Each structure stands twice: as C-alpha cells, then as structure tokens.
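Notes to accompany the following structure.
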Amino acid sequence: MLILFLTFVFHLIHHLSSLRLEQLEQLLLGSILSLPNLLSAMDRPRATRLSKSCILIIVVASVERFAYKGVSSNLVTYLTEVVEMSASSAAKSVGTWSGVNFMLPLLSAILTDSFWDRYSTILASSLLYVVGLIGLTSWALLQAWMPCSSLFLPLYLISVGQGGYNPTLQAFGADQLQMDDDSAYDSEEEKTKVKSQFFRWWYFGICGGSLLGNSIMSYVQDTIGWGLGFAIPSGVMALSVCSFLCGVRLYVYKQSKEHKRPPLESVVQFVKDVISSFIVRKVRLQSRDDDDEEAAVKLELQAKSLNDLSRMKDDGIDPFIRSEEPHPSVAKIIARLLPIWTTMLMFAVIFQQPLTFFTKQGMWMHHRIGNSFVIPPAMLQSTITISIILLIPLYDKMLVPLLRMITREEKGITVLQRIGVGMMMSVLAMFIAMLVESKRLYESRKGRDLKIFWLLPQYAFLGISDVFTVVGMNEFFYSQVPNTMRTIGIALYSSVIGFGSFLGAFLIDILEIVTADAGGKSRGWFSDDPREARLDKYYLFLAILSCISFIMFTYLSRYYNSSTNSVN
C-alpha cells in the first residue's frame, strides 16, 4: 500500500510538471530516470534493471527521512512554545539529541560489521524507532499530565532506533545490488549502470522524504496540532516497517566474514587498539589511489551524484592490500583520520544551526502571508534540501568541466579542496546570518517586524556548503575504509556531526555563563526577549571559530598532500 501511494505521488509530480522529461532529469540529478520507467524496467533483462528489493529499500529509506525530519525539524519550536523551555535550553537539548542521533550509528556500525547481521539489526532497530515515535505522540497528547523530563525518554528511544537503522539500511541496500556476484552481470558496464541507477534513486528518495518532512509536517504541527503532527510520522514509519517485512523473501542476505568475536571482546579490543595507536605514535593519514571506483561507489550511498562514475576505472586491487597493513583495525583507521576529522567539528556546529537558532530567529520575525496563511519557521529548512537537489547536477555538469580545464584534475578539484570550499561557504552563511539578525534586532527595537524571507540567503548558502563539504567528507572517509567495514564508513561522517552537536551545546553553556548578567536575570546573548537577544554576536563568534578551523584544515591538507598521494 505504501509503495503504491508513493508511486502515485511520483506519477502526479511528473504529470503536473511543465518541464519535459529530459529537462527534469538534468535539473534534479543529471540523468535520473522517471519512476514509471524505473518500474517498467523490471521487464528488462536482469543485468540492466533494479531488483524489487532495491526499489523497496529506496522507498523505505525515503519514508524514514520523512518521519525523522517531521519530528526533528520543528522540535525546537515544540520545546519553546509548548514545553516552555528557554531558547538556549531548547537549543542545547536539540543539539545534544541530534548529536546522539549522529553518534550512535558509529557504535552500531562497529557492532553490526563485527558480529551482527544487517537484516536483524534493521528489524530490531526499526521496532525501537516506531515505539519511540508512538511514545512521543502519546506524550504530546498527554502533555498536561506528564513531567517535562519524561519527554526525553521517547526522544532518545528514537535515537537508539535510528542509530542502528540508518547506516545498516544503507549497507543492506547496497547488498541487494549483488556486486560481488560476477555471474549476475555480463560486463563491468552493466554493473556500473545498475549502481548508477540505484544510488541516484537512493539520493532522490532521501532528499524527497526530507523535503516533505520539513515542509508538510512543520505546517501541520504549527497550524493543526502537535498530536497529529507527531502521529503522522509515527504511522508512516510503522507502515514503512511493515513494507520492509513484506519483502523478506526478496532480499539478498550477506554475512560479514569478520563475525568471529563476541560483542564484549570486540568492544574491549577496539578500545585497546585506540590506546595503543596513540602510545606508539602511529597517528597518520592513510592514502588511497585516485581512481578507486569502490570508494566512489560507497560515496553514492550518502548522496554523491554518480555523473562521474562512468569516468572512473576499476583496477580490481584493494588499496589496503597495497599498504603495509593489509587489514588495518578499526581503531587505527579512525586514529589516522583524527587530525582532519577534528578540523571539521566547527562545520558540524554550524550544520546544527537551522534546527535551533535559525528556527528561533524565524519565530521572532513576521511569517504570515496575507491574513490566514502562516509560514512555519522550520519550513525554511527545505531551502537547504532544494539547494542541494538543484546544485549537485549543476556542479557535475558545469563546474567540474570548467575546473577540469583549469586544474587538470579529473574531478576538477580534489576532495580535500572541495571540503575546504564548503567550509568557507558555511563561514559566509554565518556572516550573512549575523547581518540579518542585526537588521532584525534594529527593526524590533523600532517596533517593526522583519519578514522571514530575509532568512533565505543564509539557508541557501548552507545548502551550497553541503554540496561541497558533506559530499566531500563522505568521499574522504569512504576512501579510507576497506570493503569489509562498509557500515563503519557510513558512520564516520555521522560521528563528525555528532561530536559537533555536542560541541555546539557546550559552547552555548559557556557563552550563556559569560554573557549573562551578575544577577542571573538575563541569559545574555540567548535571552528569550527578541529585543535583548544577541544572536548576531553568537553567529559572529561561530564564524571566527570556523575561520580558525579552516586555517588548521588548510595546513593539515597541505601536509597530507605533501606526504602522501592526494585523495580525489
């Protein structure tokens, strides 16, 4: 039922569009096929079509994003307007919760790749996910009789469920391609076509689910009610799990060859490896060959456009076999990436601003159109998703060829350069946010409200930053992970965002103490009074710290490029 409904939606969007199919393909992802063509492709020879299990997992993943964004994008509004938390407390709570959401996949990935199977992990974590969503809905309906502290029980239950669900579902979806089964494909070209088709639709599903969750659910929550606003994601996620279970006979199941140790022994050994790696001072970056297609294929699992895939060569050699340590441990891999990883934390702090203070900023502004229609401040987060969808094909079709002529690099610029460009774009977004907040504060003190559309540039620049930094981060981390640690590779990027979220909450704590008055009557920069709050100074503070991080990143990148082969 869920699959038929989403298929109908895709059909409706296709028929209402005034663009030709060819134009739509170029606009969205360069060469995306229409969904009707994708479904009719089931009648083609097996080597050139996606399996039913691939299509089902793509739909399930998009529904999960709808449910998650339907809760997370507007959570700061719920905490401030309904639970009546202060702006700073709500921001810290959302930041910490988001940090846990991004950190748990790293732990679950290690456990899954070490001794669990992916299907069982998806099943168990999805049930926890649904229970957490139902618990949140129940809390919203019974809010008048519930202690505030109990709200975080269902929220963190959602975190635990999502922590095991997301990275494992992505790796399980890649398993359905059966890339290791040479008998399933007649040539490498057919493999490439199937990979390209799957990962393009994976990315489209993720972006589509996020866009609908940001826009539709924030409007329902702000205008109709929070009970219904949380009930819809709960019901949709439950239907998604049922749909996943219906495909049990369709899936390809793979068991990692590394599943040998018991859970406790695996975790203890991991900790020992981390400590020993630092003691013997072997913290260094691991390089990979530039034309390793496997790294590019794994990258697509997290949103990279596959327009470059046809230009990549598969030399059939595992880069880790060429290194001194054919099978490096998880701890050593993470330790080697730590210097670059650390410099990305400030980008992760900025990454969380749309969920917290950007939304609060919008709540203080005029967000009505006419006398009846109210624009939910959280809906502006859709601008980031739209920017990513539109800019990735432009990046691949226009910017990369232009840069290729200048730099003579196959991808235009290296991965580390791409990350650096994105970091600078995020700094620019914070400077823009500072200027807009200064303008809002000036108008507020004059008794006037600034229109919410002034926030669009800072959201758009963060979307542009994502196209460079987020995709680049994924490619960099994936290029350092061997094939047997695919799920861990997915989680490495999440750990950056997770620690960055914790760092953001810590910075709010420190700044709240430093900027508050002696009597404690005012929260300083984070005052709940829109005429006294100084978010403009907070944004400037983040921009300065991010500039320092960028300088450190540039230095480490140059050292990395001068001592090893550059990562592309």
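It should be emphasised that the depicted structure is a prediction, and the values quoted were computed from it without experimental measurement. For reference, positions follow the sequence shown, starting with 1.
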Is there side-chain contact between Ile452 and His366, with at least one heavy-atom pair below 4.5 Å?
-> no

Applying ring-ring contact (aromatic ring centres under 6.0 Å, His included) to Tyr539 and not counting sequence neighbours gives Phe358

List the steps and the verdict of side-chain hydrogen bond (donor to acceptor under 3.5 Å, both in side chains) for Gln352 and Ser501.
-> CA-CA 7 Å; Gln352 295 300 316; Ser501 301; 3.2 Å; yes

Less than 4.5 Å apart, any side-chain heavy atom of Trp226 and any of Asp222?
-> yes

At what distance, to the nearest 0.5 angstrom, does CG of Leu435 lie from CE of Met430?
-> 11.0 Å

Who pairs with Tyr68 by ring-ring contact (aromatic ring centres under 6.0 Å, His included), at least two apart in sequence or on another chain?
-> Trp97

Of the non-hydrogen atoms in Ile508 and Lys92, which two are nearest, and what is the gap between them?
-> CG2-CG, 3.6 Å

For the residue pair Ser98 and Asn101, confirm or rule out a side-chain donor-acceptor distance under 3.5 Å.
-> no

About how many Å separate CG of Leu151 and CG of Leu79, when rounded to the nearest 0.5 Å?
-> 6.5 Å

Partners of Glu443 by salt bridge (Lys or Arg N to Asp or Glu O under 4.0 Å), sequence neighbours excluded?
-> Lys439, Arg448

Does the side chain of Glu64 reach to within under 4.5 Å of the side chain of Leu169, using non-hydrogen atoms?
-> no

Indicate the atoms forming the closest heavy-atom contact of Val415 with Gly472, along with that distance.
-> CG1-O, 3.2 Å

If we only count heavy atoms from C-beta on, is the Ser387 to Phe461 side-chain gap below 4.5 Å?
-> no

Return yes if some donor-acceptor pair links the side-chain N/O of Ser93 with the main-chain N/O of Ser89 below 3.5 Å, else return no.
-> yes

Atom OG of Ser465 and atom CD1 of Ile419: how far apart are they, to the nearest 0.5 Å?
-> 11.0 Å

Derivation and outcome, side-chain hydrogen bond (donor to acceptor under 3.5 Å, both in side chains), residues Thr137 and Ser234 | CA-CA 8 Å; Thr137 304; Ser234 303; 2.9 Å; yes

Nearest 0.5 Å please: distance from the CD1 atom of Ile386 over to the CG atom of Leu391.
-> 11.0 Å

Mind running side-chain contact (heavy atoms from CB on, under 4.5 Å) on Phe468 and Leu399 for me, showing each step along the way?
-> CA-CA 12 Å; Phe468 286 89; Leu399 187 58; 3.8 Å; yes

Thr168-Thr121 side chain donor-acceptor pair, cut-off 3.5 Å = no

In Å and rounded to the nearest 0.5 Å, what is the CG to OG1 distance from Asn74 to Thr77?
-> 4.0 Å

Is Phe152 atom CZ crowded by more than 12 heavy atoms from other residues, nucleotides or ligands, each under 6.0 Å away?
-> yes

Go through the structure and list residues passing salt bridge (Lys or Arg N to Asp or Glu O under 4.0 Å) with Asp536, not counting sequence neighbours.
-> Arg534

Of all residues at least two apart in sequence or in a different chain, which pass the side chain to side chain contact (heavy atoms under 4.5 Å, CB included) check with Thr223?
-> Tyr219

Positive for side-chain contact (heavy atoms from CB on, under 4.5 Å) with Met344, one of Phe351, Phe499, Phe553 = Phe553

In sequence, state the C-alpha distance, the side-chain angles, and the governing distance for Met346 and Ile544, and then conclude on side-chain contact (heavy atoms from CB on, under 4.5 Å).
-> CA-CA 10 Å; Met346 279 309 302; Ile544 293 173; over 6 Å; no

Where is the tightest heavy-atom contact between Ala378 and Ser73, given as atom of each residue plus distance?
-> CB-O, 3.3 Å

Tell me, please, which residues at least two apart from Asp449 pass salt bridge (Lys or Arg N to Asp or Glu O under 4.0 Å).
-> none

If we only count heavy atoms from C-beta on, is the Tyr78 to Gln143 side-chain gap below 4.5 Å?
-> yes

Does the side chain of Ser215 pick up a donor-acceptor pair with the side chain of Gln381 at under 3.5 Å?
-> no

Verify whether one side chain among Glu437 and Gln458 offers a donor that lies under 3.5 Å from an acceptor in the other.
-> no

Between the main-chain N or O of Ile340 and the side-chain N or O of Thr343, is there a donor-acceptor pair closer than 3.5 Å?
-> yes

CD (Gln221) and CD (Glu81) are apart, to the nearest 0.5 Å, by 13.0 Å

Note, Leu462 side chain near Pro354 side chain (heavy atom, < 4.5 Å) | yes

Beyond-backbone contact of Ile384 with Ile388, side-chain heavy atoms, under 4.5 angstrom | yes

Sole candidate of Tyr538, Phe541, Trp525 that passes ring-ring contact (aromatic ring centres under 6.0 Å, His included) when paired with Phe357 | Tyr538

Would you sort out whether Val436 and Gln361 count as a side-chain contact (heavy atoms from CB on, under 4.5 Å), showing the intermediate values?
-> CA-CA 10 Å; Val436 172; Gln361 204 176 353; 4.2 Å; yes

Hey, mind stepping through Met398 and Leu402 against side-chain contact (heavy atoms from CB on, under 4.5 Å) and telling me if it holds?
-> CA-CA 6 Å; Met398 299 177 60; Leu402 178 61; over 6 Å; no

Side-chain donor or acceptor of Ser495 paired with backbone N/O of Met103 under 3.5 Å | no

State, with a plain yes or no, whether a side-chain heavy atom of Ile58 is found less than 4.5 Å away from one of Ile206.
-> no

Tell me whether the centres of the aromatic rings in Phe230 and Trp139 are closer together than 6.0 Å.
-> no

Taking every non-hydrogen atom, the tightest pair across Pro530 and Arg440 = O-NH2, 2.8 Å

